[in-house]
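Have a look at the structure below, then the notes.
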Amino acid sequence: MATTTTTMLRETASSHHEALGQSEAVARKMRRRGRESRFWWLVPTLYIVFLMLPIYWLVNMSFKTNTEILGSFSLWPQNPTLRNYMVIFTDPAWYSGYINSIIYVTLNTIISVGVALPAAYAFSRYKFLGDKHLFFWLLTNRMAPPAVFALPFLQLYSSFGLIDTHIAVALAHCLFNVPLAVWILEGFMSGVPKEIDETAYIDGYSFPRFFVKIFMPLIASGIGVAAFFCFMFSWVELLLARTLTTTEAKPIAATMTRTVSASGLDWGVLAAAGVLTIIPGALVIYFVRNYIAKGFALGRV
Amino acid sequence: MLELKGVTKMVGAETHISDINLTLEPGTLNVLLGPTLSGKTSLMRLMAGLDRPTSGQVFFRGKDVTGVSVQKRDVAMVYQQFINYPALTVYENIASPMRVAGVDKATIDREVRKAAELLKLTPMLKRTPLNLSGGQQQRTALARAIVKNAGLVLLDEPLANLDYKLREELRLELPRIFAESGAIFVYATTEPSEALLLGGNTATLSEGRVTQFGPTIDVYREPADILTAETFADPPLNVIDVVKRNGRFVMEDEASVPAQGALASLADGPYRMAFHPHQLRLERLGEDHAPIKARVTVTEITGSESFIHLDFAGQKWVALVHGIHEFEPDAMVEAYIDPRHIMIFDAQDRRAMAPSSLAA
């Protein structure tokens, strides 16, 4: 056994070596070709510049004063200031927007994934009347623009007294996120052989115990990706969130669009709010970066 | 004791299992032999309780368990694919049935280590199944089946996806490992040679029916009908229509095989004759061996044996002979049929008469 292990190690080591040699050769070739054309840096640089420019400009603005933003053109802040961020972190009208957003986004993510897990399991494991149609119909929910649902939701929620609550927005966003989560999770679940379920039943696992102890760890990355997509869609969605809230549960995106006052627009604060809005999304993307491609393929790789 | 009474399984309009009656005794090894899609897996799923029969009943230890959920049955099962819990270590994989049953820690540890030792998994206990080789993964699944100590152990082609060497090794060990437990041991395979090596009892399956059930060697030597004989032949059985007259089975081209022993007393008329490929020889070993002239289509040589595919009167035959024999395609060869090893089937494809007891 020990000898086989060492030979295996040696084999992997040598193949690793080969791969290194190959990648070096490729790199050399690329460098040579690059030197030949002299402008090899041009396209990637342009790409990155165009990609990063709006974000850079937002960050740039957030550290400027209003007079500088409106007065002169400058590539970086001449008098860097943290005043804009101070405003957001001290004024409850601003920071409560973030808290509200985070509350309903988290609620929505939990509800969506919690509801989607059993639904996706049913779609992936059982055949029932109209299962394929139902599965497709779920997806069509995503095709309708949210504006279509704004009016019925407003009327429905106000008659239930749910207007201006976090749960109202969280439930409204389920309309888009549950189908998406079902669709993603179904793909991941179908990748787990049905025999694993059966082996667990034969071993004596009850269904709930099997689902939590054996099955969920197997589709953990799928749950992560589904949660990420729910988080993102709920985080960036503005129309429904703004329609269903007034003051108590007002999301940050709505706060940002209502900053026009008699004294005009507070450009710097708005930019700082924009920067702070990007951060949670960027953080979440960082954590699921390895699975995200699989998520976009809806688990069907 | 496991009893199936008139068990039928329909999926939609398709019949997967058709009216099976089978009684398996405790402490026996039972082989389900049949080609793919013959219903081996479906039958095992019914035995395990994973599926519910459309009609018929399943009795285990005298109790009707037809509708009882699989969790409450006393079964263990190993699949052809290597099925383990990828998120758990090998140790936890093996321990899992005992953990669910609520066995105390010390017993679990002792049993897991015993099973791991038996299947040479001790160095891998801390690793996860996906980091193991296929053979080790399957042995993990087998170890889990062992520690469960179930009354019914179902192995669905457990060695089919393993390499040759490991298969030989495990095939020898498996019956020994499970023999101690006194469980009913059911082993599905597509390979006749595997059934013969395992011994025990064999049930041959064809299109969802059990064609014959009995001690393996008896089923091989005395198949009740042509379906059983064909299922239990690898390479495929050589078959031809014959007419019995004047004490001989006459084929086309006026070639004929003498009817010997008990076969001599058969009434004249049409029959089907079948014999195993190794009974078709290139040398004439006895005066009564019947010569035929056939055209070679392909010759396959596997080390010390040659498979010679022949075309005789429109029938595709195979001769399995020792030594290396190279023939050009389309060459005409003379081959000889041993009359003591032929099987004769009647118009309903039932066995017309057993060959004489000399045939051993």
Side-chain angles (χ1 to χ4, degrees), chain A residues 1-13 15 117 121 124-132 185 187-225 290-291 294 299 301, chain B residues 11-12 41 44-45 47-51 68-89 92-103 120-124 127-133 135-136 140-142 144-145 147-148 150 152-154 156:
Chain A
M1 202 54 240
T3 48
T4 32
T5 324
T6 45
T7 39
M8 267 168 59
L9 277 177
R10 214 173 300 137
E11 268 173 24
T12 36
S15 66
L117 271 171
Y121 186 81
S124 91
R125 288 295 191 260
Y126 299 107
K127 273 189 191 154
F128 47 89
L129 189 69
D131 52 352
K132 291 207 178 78
L185 286 172
F188 278 87
M189 285 178 181
S190 296
V192 177
K194 204 177 177 205
E195 282 81 5
I196 288 190
D197 306 27
E198 291 170 357
T199 303
Y201 298 151
I202 290 172
D203 280 359
Y205 283 89
S206 62
F207 178 74
R209 190 166 176 186
F210 151 74
F211 199 82
V212 175
K213 285 206 78 172
I214 304 287
F215 199 66
M216 298 244 295
L218 294 184
I219 51 156
S221 56
I223 294 174
V225 170
N290 294 329
Y291 306 109
K294 214 179 167 194
V301 181
Chain B
V11 177
T41 304
M44 282 202 157
R45 295 175 61 86
M47 287 177 176
L50 286 166
D51 289 335
V68 176
S69 74
V70 65
Q71 281 98 336
K72 296 197 185 93
R73 303 261 191 117
D74 186 18
V75 295
M77 186 158 172
V78 174
Y79 287 88
Q80 177 182 352
Q81 309 89 328
F82 314 134
I83 299 295
N84 291 301
Y85 310 127
L88 304 179
T89 61
E92 283 304 318
N93 259 287
I94 300 174
S96 115
M98 290 189 288
R99 287 243 194 273
V100 180
V103 178
K120 303 188 188 75
L121 284 167
T122 310
M124 290 91 191
R127 288 158 68 178
T128 53
L130 293 183
N131 292 319
L132 302 179
S133 72
Q136 291 162 343
T140 306
L142 285 165
R144 194 171 51 238
V147 298
K148 186 159 185 211
L152 174 62
V153 178
L154 304 166
D156 188 2

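Reminder, nothing fancy here: chain letters follow the sequence lines and each chain counts from 1. Both backbone and side-chain heavy atoms feed into the values below; hydrogens, waters and symmetry mates do not.
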Taken to the nearest 0.5 Å, the spacing of A:Ile214 CD1 from B:Leu88 CG works out to 4.5 Å
Can you tell me which portion of A:Ala220 sits under 4.5 Å from chain B's heavy atoms? Options are side chain, backbone, both or neither.
neither
Quick one: are A:Thr199 and B:Arg144 in side-chain contact, heavy atoms under 4.5 Å?
yes
Tell me, do B:Pro86 and A:Ile196 make a side-chain contact under 4.5 Å, heavy atoms counted?
yes
Is it the backbone or the side chain of B:Asp74 that comes under 4.5 Å from a heavy atom of chain A, or both, or neither?
neither
Between chain B and each of A:Pro193, A:Pro217, A:Ala200, A:Ser206, count heavy-atom pairs under 4.5 Å; write down the option with the most.
A:Ala200
Which pair of heavy atoms, one from A:Phe207 and one from B:Gln71, lies closest together, and at what distance?
N-NE2, 4.3 Å
Which pair of non-hydrogen atoms, one from B:Val100 and one from A:Arg209, has the smallest distance, and what is that distance?
CA-NH1, 3.9 Å
Given a strict heavy-atom distance threshold of 4.5 Å, which part of B:Arg45 is in contact with chain A: side chain, backbone, both, or neither?
side chain
Can you name the nearest heavy-atom pair linking A:Ile202 to B:Val75, along with the distance?
CG2-O, 3.4 Å
Over all atoms of both residues, closest heavy-atom pair of B:Ser96 and A:Asp203
OG-OD2, 3.0 Å
Atom pair CD/CG of A:Glu198 and B:Asp51 - distance to nearest 0.5 Å
7.5 Å
Looking at every non-hydrogen atom in both residues, tell me the closest pair between A:Tyr201 and B:Val70 and how far apart they are.
CB-CG1, 3.4 Å
